[in-house]
Structure formats: structure tokens, C-alpha cells
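Both backbone and side-chain heavy atoms feed into the values below; hydrogens, waters and symmetry mates do not.
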Amino acid sequence: MWQFCFLVIVGAVVVSAQFPRECVTPEGLRSGQCCPSPSGLPNDPCGSSTGRGQCVSVAVDTQPHGPQYPHDGRDDRERWPSRFFSRTCQCNGNFSGHNCGRCKHGLTGPNCDQRVPVVRRNVMQLNAEEKRAFVNALDQAKRTVHPDLVIATRHYPGIFGPDGNTTQFENVSIYNYFVWSHYYSVSKTFLGAGQASFGGVDFSHEGPGFLTWHRYHLLQLERDMQDMLQNPSFALPYWNFAIGGNTCDICTDDLMGARSNFDMNSLSSNSIFSQWRVVCESVEDYDTLGTICNSTESSPIRRNPAGNVNRPMVQRLPEPQDVADCLQVNTFDTPPFFSTSSESFRNTIEGYSAPKGNYDPIVRSLHNLAHLFLNGTGGQTHLSPNDPIFVLLHTFTDAIFDEWLRRHSPGLSVASVFKKRIVLHNGAVSFCANLKCFPTDAAVYPEQDAPIGHNRRYNMVPFWPPVTNSEMFVTAPENLGYSYQAEWPGTHLTRTPLISPSEKCSDDL
């Protein structure tokens with residue numbers, strides 16, 4: 001049986017990313033300040049005169065990170081975004097965005113005080129018109145230049161161009177920006193010409209930030225598409241990939257594209273997505289030449305669900321029981337806060353542990369298994385968002401994360417969450433596991449010693465304005481302006497009470 005859970009929105013979140021077009025002038029970069037004025041309020045940085053926000057110094061994480069990254073001082077993403085900017089807008093109340101000219105997610109109106117429902121539903125439960133509207137919206141996002149953001153095409157030492165006064169940024173479409181930001185977060189550290197780039201670092205995977213990073217990644221796309229469609233209630237649907245079997249139920253021409261009749265690795269010509277071309281494909285050039293992915297499109301999307309004959313274990317999708325087991329893992333993350341962590345909900349849902357939480361180097365489950373099942377573009381970390389199934393796969397992963405937060409309330413009752421030995425050491429409460437003790441807040445979400453980019457207060461790369469992992473470690477309906485209409489494994493069907501505002505307190509994968 002399944003447990004039914006329908007939640008209404010209550011809270012909201014700021015969503016934007018990388019750098020606004022008006023900030024990447026030579027003067028703007030040299031000043032280190034990105035505090036633009038909202039539209040209609042000239043010469044009013046961050047809308048300060050109307051109380052929308054103020055220009056403040058950027059706070060960066062100073063806690064030590066784990067040993068996985070040994071090249072401190074070599075990567076633009078360290079202490080993000082201080083290599084580029086040191087001051088940004090901090091918005092007040094319900095205002096948000098790079099210039100405080102937007103409303104927070106789930107809110108609209110001149111004063112950002114009108115709530116709108118943003119409800120993410122199972123894509124298989126959409127009617128024909130809704131499916132068509134979603135597919136067309138994705139295609140529109142692929143072809144619409146992002147109205148605010150531009151992408152860097154060089155590392156910071158070359159950001160001012162050959163003449164020292166031509167900054168190296170370019171326009172990108174809304175959807176290709178979504179792809180680019182994922183690529184940028186997983187790209188290797190360039191150590192110089194003739195040296196092998198360092199690939200043992202990933203700012204969005206294999207650490208506690210996996211779930212928080214991808215949550216914000218989806219929020220950014222959802223909000224950009226809301227603006228594009230002029231529909232503040234537009235919501236990304238999800239794909240319940242935990243259906244077992246070797247069939248991709250959303251791989252149909254009315255959704256994400258059926259298999260081509262002429263090439264088992266290609267999409268049907270009847271699908272809009274057969275016309276899409278990928279970006280960020282030239283990884284070897286980026287690693288050897290020190291360039292960065294730009295907006296150049298190249299090959300078509302490749303996909304062959306269940307077609308990897310060399311890896312039988314990835315020829316089937318996860319089972320419903322895998323989700324049930326995963327949701328029973330009590331601890332969010334455990335040392336070393338990496339892909340080798342055991343008894344870690346994060347490592348389990350990411351798919352490096354078996355569904356019940358025990359780490360096994362051979363296993364690929366849940367999120368990782370769903371990616372690898374697709375056997376193509378979607379199974380390669382740096383390319384995976386090019387296949388729009390990525391969106392639906394990650395909204396479901398986020399739905400599981402949100403359900404885990406709702407069930408376990410990790411920030412409220414450490415002892416009940418972990419059901420581990422809690423001890424006092426010089427008056428401080430600690431969580432003990434594997435013969436080592438850690439502060440209880442680290443057991444919930446680590447303050448330090450996670451892989452670089454994954455500490456609790458690290459600004460997630462490359463989002464702008466800066467947003468920390470901790471800001472996404474909250475239940476979505478109460479805090480982030482969206483909800484899921486979802487069913488979860490359980491012994492009987494129950495309805496979660498509605499919440500009112502007054503009640504709010506690589507190989508790849």
C-alpha cells in the first residue's frame with residue numbers, strides 16, 4: 001500500500017544563478033560589487049529606497065573541508081563566489097532575486113504578498129493537454145535566451161580577455177544555463193597547461209550537498225520557466241522512477257521521447273527532443289586547454305533505456321520497496337560525508353549505498369541507478385541535464401528528500417532522529433558512530449569536514465545571489481514555496497494535514 005501526502009505551499013525562496021548581465025562589465029568585476037537596481041527603480045541598488053533590500057558583503061564558508069580536495073587556491077569555485085564578487089543584494093521580506101526585483105517562490109503581486117500554488121505532480125498523471133504544455137514549455141526554455149544571466153567562458157585569470165578589457169561571458173538559453181550550471185559544478189580543476197586536471201572534486205555530488213544543490217538547481221529552472229511563461233503557478237512534474245522493470249514509462253513521444261525505429265540509441269523523430277542538441281560535450285578540451293563550456297550545441301541526445309548489456313544490474317529501474325527502505329534510514333549523513341558513507345540517507349538516495357543504507361562499492365541504486373538505466377546522455381554526469389528526463393528524475397529525488405525531512409525533522413530532535421548513542425563531552429552533546437564522536441549538528445548536516453562545496457554554510461556553486469546548503473535543508477511547503485502531490489510506501493493511506501501560515505513555526509553516476 002501507499003501513503004498519500006498532499007501539501008500546500010506556505011513559504012518561499014529566492015531563486016537565481018551565476019552572474020547577472022549588468023554586473024559582468026570590467027568595472028563591475030574589478031569593483032567586486034554586484035548590486036543592481038530593480039527594473040523601474042534606476043540608481044537604486046537592490047531597491048534600498050523602497051525597502052526591498054540592501055547591498056551587503058558576501059559571507060563565505062571558512063570551515064575546513066574534507067581531504068578529497070588538496071589544491072586550495074587553484075579553483076575559482078573555492079570560497080564561492082569571492083573570486084568574482086564580494087558584495088551582493090540581500091533582499092528583505094518576500095522580495096528576492098539578484099536585484100531584489102522578484103518575489104520569492106510561490107508568491108506574486110506588486111508587494112509579493114499574494115500566494116500561488118506551485119504543486120509538483122506525477123507526470124504520468126497529467127492529462128494530454130498538460131503533458132503537451134509541459135513538453136512545449138521545456139522546448140521554449142531550450143530556445144529562449146536567459147533574460148538576466150550570462151555564463152563565463154574562461155577561468156578567472158582570463159576573464160578580462162586578451163586585451164584586458166573584454167570580459168569573457170556570453171548569453172545562453174534558459175535550459176542550456178540549467179545544463180551549464182551542473183557542468184560547472186562537476187568540472188575538473190584546471191592546474192595549468194601540460195598538467196592533468198584534477199577530477200577528485202565535485203561541488204554537487206558525493207557529499208551532503210547533493211540533495212540541497214539539486215534542490216536549488218530545480219528551483220532556479222522552475223522560477224525561470226514561470227517568468228518565461230508569465231505563470232507563477234507553473235510547476236515541474238516528477239517521474240516516479242521506482243517502478244521496477246526494464247521499461248521507461250515516460251519514454252513516449254507525448255512525453256520525453258520514444259526510441260527511434262532506426263537507431264536504438266536515438267530518440268524518435270516524432271519527439272520534440274530529437275531536435276535538441278547537447279552542450280558541454282567537449283570535456284577533454286576543457287580539461288587540457290583550460291577553457292570552460294560555452295553555449296555551443298553539438299550532438300543529439302542519446303538514450304537506450306535498459307540497453308547496457310555489459311552491466312545487467314543497471315538494466316532495471318529501482319523498486320518501490322527501495323524508496324520505502326531509504327526513507328527508513330535515520331541519519332542524514334555520516335562521516336566521511338562522501339560516496340563511501342554508510343547508514344547515510346543522503347548516500348542512500350544518491351545511490352552509492354544499498355536501499356537500506358549499507359554502503360557497498362558495487363551497488364548503484366535509486367538516483368544513480370535511474371540515471372544509469374537511461375544508458376546514454378543521461379548516464380554521464382557532466383552531460384546528464386541535456387536529457388530533459390533529468391528534470392523529472394531529480395524532482396522525484398527531491399520529493400523523497402522532502403518526505404524524509406518531514407518524517408525525521410532532523411533539526412528538531414537529534415536523539416529521536418539518529419537513535420544512536422548521544423553522549424555529553426565537556427557539556428556538549430555529541431553523536432557517536434564508528435568509534436568516533438561528532439557534534440550533533442554535524443550529524444544532521446556537517447558544519448565542516450565535508451568535501452569542498454558541501455559544508456553546511458558553503459555557498460553552492462555557481463548560484464547567484466549566494467545561497468548556502470543550509471538554506472535548502474528545510475521542508476519545501478513551509479519554507480520554499482512549492483509542494484509535492486505524491487504517494488509514499490506505507491501500511492495505509494493517510495492525508496497529511498494542510499498547513500496554514502499561522503501554523504508555521506562518474507563513472508559517472
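- Side-chain contact, S204 with H182: no donor N or O sits under 3.5 Å from an acceptor N or O.
- Partners of D113 under the side chain to side chain donor-acceptor pair (under 3.5 Å) rule, at least two apart in sequence or in another chain, do not exist in this structure.
- D75 is linked by a salt bridge (charged side-chain N to carboxylate O under 4.0 Å, His left out) to R77, counting only residues two or more places apart in sequence or in another chain.
- Using modelled atom types and a 3.5 Å distance limit, the side chains of N176 and S295 yield no donor-acceptor pair.
- Looking at residues two or more places apart in sequence or on another chain, you find a salt bridge (charged side-chain N to carboxylate O under 4.0 Å, His left out) between R83 and D76.
- In this structure, H217 and F390 have perpendicular ring planes: the angle between them is above 60°, well past the 30° mark.
- Remark: F373 engages no residue in a ring-ring contact (aromatic ring centres under 6.0 Å, His included) (not counting sequence neighbours).
- Listed by chain and number, the residues in a disulfide (SG to SG under 2.5 Å) with C248 are C251 (sequence neighbours excluded).
- Residues F463 and W80 keep their aromatic ring centres 6.0 Å or farther apart.
- Looking at T377 and D387, their side chains never bring a donor and an acceptor atom within 3.5 Å of each other.
- E130 is linked by a salt bridge (charged side-chain N to carboxylate O under 4.0 Å, His left out) to R121, counting only residues two or more places apart in sequence or in another chain.
- With sequence neighbours excluded, the residues satisfying side-chain contact (heavy atoms from CB on, under 4.5 Å) with T144 are Q140, I174, M228.
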request  = Go through the steps to decide whether E78 and Y69 satisfy the test side chain to side chain donor-acceptor pair (under 3.5 Å), and finish with yes or no.
outcome  = CA-CA 10 Å; E78 297 173 31; Y69 179 67; 2.5 Å; yes
task = Could you check N330 against E343 for side chain to side chain donor-acceptor pair (under 3.5 Å), going step by step and ending with a plain yes or no?
result = CA-CA 8 Å; N330 291 312; E343 299 182 67; over 6 Å; no
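- Residues passing the side-chain contact (heavy atoms from CB on, under 4.5 Å) test with S365, sequence neighbours excluded: P355, V363.
- Partners of V329 under the side-chain contact (heavy atoms from CB on, under 4.5 Å) rule, at least two apart in sequence or in another chain, are F345, T348.
- A side-chain donor from one of N92 and Q54 sits under 3.5 Å from a side-chain acceptor of the other.
- Put simply, the side chain of D402 never gets that close to the backbone of T475: no donor and acceptor are under 3.5 Å apart.
- Remark: F203 pairs with no residue by the ring-ring contact (aromatic ring centres under 6.0 Å, His included) rule, at least two apart or across chains.
- Side-chain contact annotation: N99 with R52, donor-acceptor N/O pair under 3.5 Å absent.
- Taking the centre of each ring, H367 and F396 stay at or above the 6.0 Å mark.
- Using the six-membered ring where Trp is involved, F473 and F332 have ring planes that are perpendicular, over 60° apart on the 30 and 60° scheme.
- With sequence neighbours excluded, the residues forming a side-chain contact (heavy atoms from CB on, under 4.5 Å) with Q328 are R407, listed by chain and number.
- Of the options C89, P38, S37, a side-chain contact (heavy atoms from CB on, under 4.5 Å) to P45 is made by S37 and by none of the others.
- Residues meeting the salt bridge (charged side-chain N to carboxylate O under 4.0 Å, His left out) test with D139, sequence neighbours left out: R143.
- With 2.5 angstrom as the limit on SG-SG distance, C34 and C23 come in below it.
- Residues D398 and Y238 bring no donor and acceptor atom of their side chains to less than 3.5 Å of each other.
- With hydrogens and angles left out, the side-chain atoms of N358 and S342 include no donor and acceptor closer than 3.5 Å.
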